[in-house]
Every structure is written in structure tokens, then in C-alpha cells.
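One structure below.
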Amino acid sequence: MARDLLGKVIVYDGPAGRRAARLVEVEAYLGARDPASHAYRGPTPRTAPMFGPPGRSYVYFVYGMYHCVNVVAERDGVAGAVLLRGAEPVEGVGDDPRALAGPGKLARALGLTTEQTNMDLVRSALSIREAPAVPVTRVVRTARIGLTAHATTRKPWRLYVAGSPGVSRA
DNA sequence: CGAATGATCCGA
DNA sequence: CGGATCATTCGA
């Protein structure tokens, strides 16, 4: 479930050393039932990780200049992923509280690209770590942002931590 | 093959 | 609101 990711820490031990951030904004995407999902029309080379086993990464490139990072969520064979949209700096990413406020900024600050797609998030250089859960009272649910195929998908599948500067927008 | 498209961001 | 900028996808 997407909400369990809020508060957790994403850690990337890359060429530039350790970079880590606390997740404060996420969005859930499904498969054939979700027109806004990359997996809507079945698997392609790019979206293959979305159909694979859970607990792995799905990183894609968009708009010719940004990368977006997802955590694959459903069981093997079923499409589903959670887009990481915002985080707060923890280590190695500077101290601008808004440096990871937005999916493109988050990926850039952590140094993640399509090279890091389909990585095992439990036992690899890219991982998601346990951290104190975010109190229910601080979690806000809204409709997802920036979608073209919005009409059919007004589900409140965007979750964020109220008041955090790492959230992409109010 | 060519053309359209996009789960973004920034600046005016 | 428009522009930047290009991998991916789909139609012919």
C-alpha cells in the first residue's frame, strides 16, 4: 500500500556516495484498470518492471530531461507501482528542503536515472528503509497531479504528509 | 520509418 | 501559460 511508504527513507549508495531522503509524497498507479498508468495498454520494454515482482524499482525518463522513480507494488504478473513524488533531505543531498519536492527533482537530487530501473529495493545499492510511521492525522489524500488521462481517473491516489516542505504543491 | 506524446519544471 | 528536449510508442 502506498501509504506505508510515507515516512520511509530511500537510500542510494551511488558513485557520488550515499544519498538519502524521507518520502513525504507518493501516488499509486495500477494497470489495465487505470488509464493514467504506463501499464494501461499492457507491458512494453520500458514498463516491464511494473509487471514484475514487488519491491523493485521502475525508473523512466520523461519530457526529454527528467526521471521519475517508482516502487513496484503488486504481485508478480500484476501491474502496479507507486510514484515517489516528494521527499525531505536526509543525507548527501544538500539541505534545501525543497530540493526533492517533485518527482523530477527527487530523482535528480538522488542521482537516479533509467540505469537504476528494476533494482531490488531490499538488497541492492538502492533501497527503501523502515522509519517511524507517519501519524494518520498527518496524511492527506487527494487526486493525482499532472495527468492527461485525468477524466476517467479522479481517484484520490495521491498521498502526502501535511505541512512538509518536501511536498510538490499544496 | 515519422510523428506525437509526456506520472515535469521553471520562468515570464 | 509556453518552452525545453528526447526516449518511447504507435500507426502507416
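Proteins get letters first, then strands, A, B, ... in listed order; numbering begins at 1 in each.
- Per the geometry, CZ belonging to A:R108 stands 6 Å off P belonging to B:dC10, to the nearest Å.
- A distance of 12.0 Å separates CG in A:D4 from CD1 in A:I128, rounded to the nearest 0.5 Å.
- Both distances falling under 3.5 Å, in either a Watson-Crick or a G-U wobble arrangement, occur for no nucleotide opposite C:dT5.
- Geometric assessment of A:R169 against the ring of A:Y160 yields a negative cation-pi assignment under the 6.0 Å and 45° thresholds.
- Following rounding to the nearest Å, A:Y40 (OH) and C:dT9 (P) show an atom-to-atom distance of 17 Å.
- Taking atom P on both C:dG2 and B:dT5, the two are 16 Å apart, rounded to the nearest angstrom.
- The phosphate of B:dT8 (OP1 or OP2) has a side-chain N or O of A:R85 nearer than 4.0 angstrom.
- The two residues A:A36 and A:R144 make their nearest non-hydrogen contact at CB-NH2, 3.7 Å.
- By the 30° and 60° cut-offs, the orientation of the rings of A:H67 relative to A:F61 is tilted.
- Taking atom CD of A:E27 as the reference point, atom P of B:dA7 lies 10 Å away to the nearest angstrom.
- DNA chain C lies under 4.0 Å from at least one heavy atom of each of the following residues of residues 55-84 of chain A: A:F61, A:Y63, A:G64, A:M65.
- For A:R46 and B:dT5, the CZ to P distance is 15 Å, given to the nearest whole Å.
- Taking only side-chain atoms of A:T44, from C-beta outward, the nucleotide of C:dT9, B:dA7, C:dC10 with the closest atom is C:dT9.
- Judged by the 6.0 Å and 45° rule, A:R46 forms a cation-pi pair with A:Y60.
- At whole-Å resolution of the value, CZ in A:R41 and C1' in C:dT9 are 10 Å apart.
- A donor-acceptor contact under 3.5 angstrom links the side chains of A:T44 and A:T47, judged on distance only.
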